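Below: one structure, written as structure tokens.
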Amino acid sequence: MSENRMSQNKDYEVALVGAFRREKDKDIALKALTAENQAVMQLTKQRENEIKSLKMILRFREAGVKRLEAVSAGKISAETHLLKEKEEHLKQIEVLRTQVDRNQEVTRFATENLHLKEEIRRF
């Protein structure tokens, strides 16, 4: 009877250790998926910002084309066109600087992500 109980206790212990191991593995997998999800969300946000920047640049260029058409039709002076074009170029430079800064931030996040994934694998 005592041997049967000890055998049964060992079986429970083995089952419990297995359950804990599976739970730990699932926690690690969940953390990895969470980190991956965050990376994907960050990349998605970056792409959305890039698209927004490109649309803004496109609007600036379309406005420049319209002004050139107005200059050629004699509706506005060349000087006015050049002043407005200068303003738009300055805005484009600012948009592009922001885009470059974001790319550096994403690179840093990607590096951190790789480091964290490597740590998870080691554990």
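Since we're looking at a predicted model, the values are computed, not measured. Only heavy atoms go into these numbers, but all of them, side chains included; no hydrogens, no water, no symmetry mates.
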Rounded to the nearest 0.5 Å, what's the gap from [atom1] on [X] to [atom2] on [Y]? Could you check?
X: E94; Y: S53; atom1: CD; atom2: OG; value: 10.5 Å
X: K86; Y: K91; atom1: NZ; atom2: NZ; value: 13.5 Å
X: L43; Y: Q38; atom1: CG; atom2: CD; value: 12.0 Å
X: I93; Y: T98; atom1: CD1; atom2: OG1; value: 12.0 Å
X: L116; Y: I120; atom1: CG; atom2: CD1; value: 6.5 Å
X: E112; Y: Q42; atom1: CD; atom2: CD; value: 10.5 Å

Any side-chain heavy-atom pair of L58 and L54 under 4.5 Å: no
Close side-chain approach of L82 and E85, heavy atoms under 4.5 Å: yes
Just by modelled atom types, is the I76 backbone N or O under 3.5 Å from a matching donor or acceptor in the T80 side chain? no
List the residues meeting side-chain contact (heavy atoms from CB on, under 4.5 Å) with A63, not counting sequence neighbours, and say none if there are none. R67, E88
N49/K45 under side chain to side chain contact (heavy atoms under 4.5 Å, CB included): CA gap, chis, key distance, verdict: CA-CA 6 Å; N49 288 334; K45 187 174 182 179; 4.0 Å; yes
Applying side chain to side chain contact (heavy atoms under 4.5 Å, CB included) to R61 and Q92, what does each step give before you reach the verdict? CA-CA 10 Å; R61 291 192 180 167; Q92 284 181 6; 3.8 Å; yes
Apart from L33 itself, residues in the same hydrophobic cluster as defined by side-chain heavy atoms under 4.5 Å: none
Strictly by modelled atom types, are E50 and Q46 linked by a side-chain donor-acceptor pair under 3.5 Å? yes
List the steps, then state whether side chain to side chain contact (heavy atoms under 4.5 Å, CB included) holds for V65 with E62. CA-CA 5 Å; V65 168; E62 287 173 346; 5.6 Å; no
Can you see which heavy atom on V71 is nearest to which on H81, and at what distance? CG2-CB, 3.5 Å
